[in-house]
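Below is one structure, written out as structure tokens; the observations come after it.
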Amino acid sequence: MENIKESDIRYQEAAKKVRKIKNFYVFAFIYVAVNIFILFLNYNALKPGETIWKFQYFALPLFWGLGLLVYAMSIFLPGFILGSKWEEKKIKELMKKNK
């Protein structure tokens with residue numbers, strides 16, 4: 001088995017990726033828990049004859065979910081939003097500028 005040193009760049013990049021994935025799972029759990037709780041509160045606050053199937057009850061989960069989806073795509077689809085190629089290009093641009 002290969003000895004891995006914490007100073008190894010591959011190790012640091014992998015650790016950074018694992019932290020991002022872990023944060024995504026935490027955010028996804030919070031998203032599900034909070035939205036279930038809010039929908040439960042909204043359902044209990046309904047008056048007789050009202051329906052839960054209104055946009056106002058699903059706007060928060062919808063827009064928050066879209067944000068979570070974009071965040072997931074940035075983590076699981078490399079280069080989706082300002083990916084590594086953009087970073088490399090920007091680094092080279094700034095290095096040229098500072099010569």
Side-chain angles (χ1 to χ4, degrees):
M1 184 168 185
E2 180 182 353
N3 290 335
I4 301 173
K5 297 180 181 178
E6 288 188 27
S7 61
D8 186 2
I9 292 174
R10 293 176 299 158
Y11 175 84
Q12 291 173 356
E13 288 177 359
K16 185 178 176 182
K17 179 83 171 178
V18 167
R19 279 192 302 274
K20 285 182 178 182
I21 293 171
K22 180 182 174 187
N23 285 339
F24 169 74
Y25 289 140
V26 169
F27 294 154
F29 174 77
I30 291 170
Y31 167 79
V32 170
V34 168
N35 283 303
I36 287 173
F37 180 70
I38 289 173
L39 287 173
F40 175 75
L41 291 178
N42 287 336
Y43 182 76
N44 282 340
L46 289 176
K47 296 176 184 163
E50 283 186 326
T51 180
I52 190 78
W53 300 107
K54 293 182 181 176
F55 180 73
Q56 69 188 30
Y57 297 122
F58 295 98
L60 175 67
L62 176 69
F63 293 118
W64 189 2
L66 288 173
L68 189 64
L69 178 66
V70 171
Y71 182 59
M73 291 173 74
S74 73
I75 292 171
F76 296 110
L77 297 176
F80 174 68
I81 299 175
L82 301 179
S84 61
K85 290 182 182 179
W86 178 85
E87 289 175 7
E88 290 172 14
K89 183 180 172 185
K90 195 64 173 175
I91 288 169
K92 288 178 184 176
E93 176 185 319
L94 291 174
M95 287 174 65
K96 273 187 179 180
K97 193 176 189 179
N98 290 332
K99 276 189 177 181

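Not measured: the values here are computed from a predicted model.
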ILVMFWY cluster, Phe37 and Tyr43 together (side-chain gap under 4.5 Å): no
Taking the inter-plane angle between the rings of Phe76 and Tyr25 on a 0 to 90° scale, is it parallel (under 30°), tilted (30 to 60°) or perpendicular (over 60°)? tilted
Starting from Leu46, can I reach Phe58 by hopping between I/L/V/M/F/W/Y residues whose side chains sit under 4.5 Å apart? yes
Give the cluster check for Phe24 versus Phe29: same hydrophobic cluster or not, with ILVMFWY residues linked at side-chain heavy-atom distances below 4.5 Å. no
Hey, could you give me the CG/OH distance between Leu41 and Tyr57, rounded to the nearest 0.5 Å? 11.5 Å
Using a strict cut-off of less than 4.0 Å between a Lys/Arg side-chain nitrogen and an Asp/Glu carboxylate oxygen, indicate whether Lys96 and Glu93 qualify as a salt bridge. no
Passing candidate, side chain to side chain contact (heavy atoms under 4.5 Å, CB included) with Leu60, options Ile38, Val34, Asn42: Ile38
Given Phe27, Tyr31, Trp64, the one that forms ring-ring contact (aromatic ring centres under 6.0 Å, His included) with Tyr71: Phe27
Of all the heavy-atom pairs spanning Lys20 and Ile75, show the shortest one and how long it is. O-CD1, 3.4 Å
What about Ile36 and Ile52, same hydrophobic cluster or not, with Ile/Leu/Val/Met/Phe/Trp/Tyr joined at side-chain heavy-atom distances under 4.5 Å? no
Using a 4.5 Å cut-off on heavy atoms from C-beta on, say whether the side chain of Leu66 contacts that of Phe63. yes
Nearest heavy-atom pair of Asn35 and Pro61: which atoms, and what distance? OD1-CG, 3.4 Å
